[in-house]
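Written below as structure tokens is the structure these notes are about.
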Amino acid sequence: MPEQEFTETTSKEATVPEINSQTGTITKLQPPVQPQDEWLKYGEQISSFLATLPEYVAIFFNRYKQPLVTIGLILGAIVGVRVLLAVLDALNDIPLVAPTFELIGIGYSAWFVYRYLLKASTRKELNSEITTLKSQVVGKEIPEA
């Protein structure tokens with residue numbers, strides 16, 4: 001088997017030019033960048049960003065005020081419902097509380113039927129109360145049918 005010959009090649013990028021190419025001249029080397037200078041530069045950038053951050057937040061909030069309030073109300077309602085369900089679940093674990101609540105519910109339902117649904121005059125009263133409540137919630141008069 002013939003032996004392979006290797007030739008050494010040099011590229012222009014690999015060669016380092018001499019620092020002092022002329023006699024009697026001294027070339028000044030630049031000092032390496034200090035890590036403190038870099039930290040100061042980053043600190044100034046962070047400081048300028050934090051200085052303008054309240055302005056950006058105010059602009060963002062003013063631009064998207066209504067959707068942010070809506071999202072906040074939805075999240076608040078979800079949290080409220082979950083807390084209410086957790087409280088009711090905890091109350092149901094207490095002996096005799098669940099049957100007591102059932103009796104209270106049955107009693108209130110019987111009273112409601114007796115108070116509002118048995119007579120025609122009380123049904124009209126209930127209808128007028130519901131219409132008044134609708135007009136208060138919606139904010140305009142609802143014509144009676």
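Any value given below was found using the heavy atoms of this structure, including those in side chains, with hydrogens, waters and symmetry copies removed.
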Return a table of donor-acceptor pairs under 3.5 angstrom between the side chains of residues 48-65 and protein atoms on other chains or two or more places apart.
{"unit_1": "Ser48", "atom_1": "OG", "unit_2": "Glu44", "atom_2": "O", "d": "3.3"}
{"unit_1": "Ser48", "atom_1": "OG", "unit_2": "Gln45", "atom_2": "O", "d": "2.9"}
{"unit_1": "Thr52", "atom_1": "OG1", "unit_2": "Ser48", "atom_2": "O", "d": "3.2"}
{"unit_1": "Thr52", "atom_1": "OG1", "unit_2": "Phe49", "atom_2": "O", "d": "3.1"}
{"unit_1": "Asn62", "atom_1": "ND2", "unit_2": "Ala58", "atom_2": "O", "d": "3.3"}

Next on the checklist: Membership question, hydrophobic clusters at under 4.5 Å side-chain separation (ILVMFWY): are Val113 and Ile130 in the same one?
Outcome noted: yes

Checklist entry - How close do Tyr116 and Leu126 get, heavy atom to heavy atom, and via which atoms? => result CD2-CB, 3.7 Å

Checklist entry - Do the side chains of Val138 and Leu133 join up, straight or via other hydrophobic residues, at under 4.5 Å, putting them in one cluster? => result no

Checklist outcome for this item: Closest non-hydrogen contact found for Ser135 with Thr132 is OG-O, 2.8 Å

Item to check | Full working for side-chain contact (heavy atoms from CB on, under 4.5 Å) between Asn127 and Arg123 | outcome: CA-CA 6 Å; Asn127 188 18; Arg123 285 194 296 268; over 6 Å; no

Item to check | Side chain proximity check, Leu75 to Val79, heavy atoms < 4.5 angstrom | outcome: no

Using atom types as modelled, flag every donor-acceptor pair under 3.5 Å from a side chain in residues 95-109 to any protein atom, sequence neighbours excluded.
{"unit_1": "Thr100", "atom_1": "OG1", "unit_2": "Leu96", "atom_2": "O", "d": "2.5"}
{"unit_1": "Ser109", "atom_1": "OG", "unit_2": "Gly105", "atom_2": "O", "d": "2.9"}

Next on the checklist: Do Glu125 and Arg115 make a side-chain contact, defined as non-hydrogen atoms from C-beta onward lying under 4.5 Å apart?
Outcome noted: yes

Next on the checklist: Within this structure, what is the CG-CG distance for the pair Asp89 and Leu85, rounded to the nearest 0.5 Å?
Outcome noted: 8.5 Å

Item to check | Working for side-chain contact (heavy atoms from CB on, under 4.5 Å), residues Leu73 and Val69 | outcome: CA-CA 6 Å; Leu73 288 175; Val69 168; 4.1 Å; yes

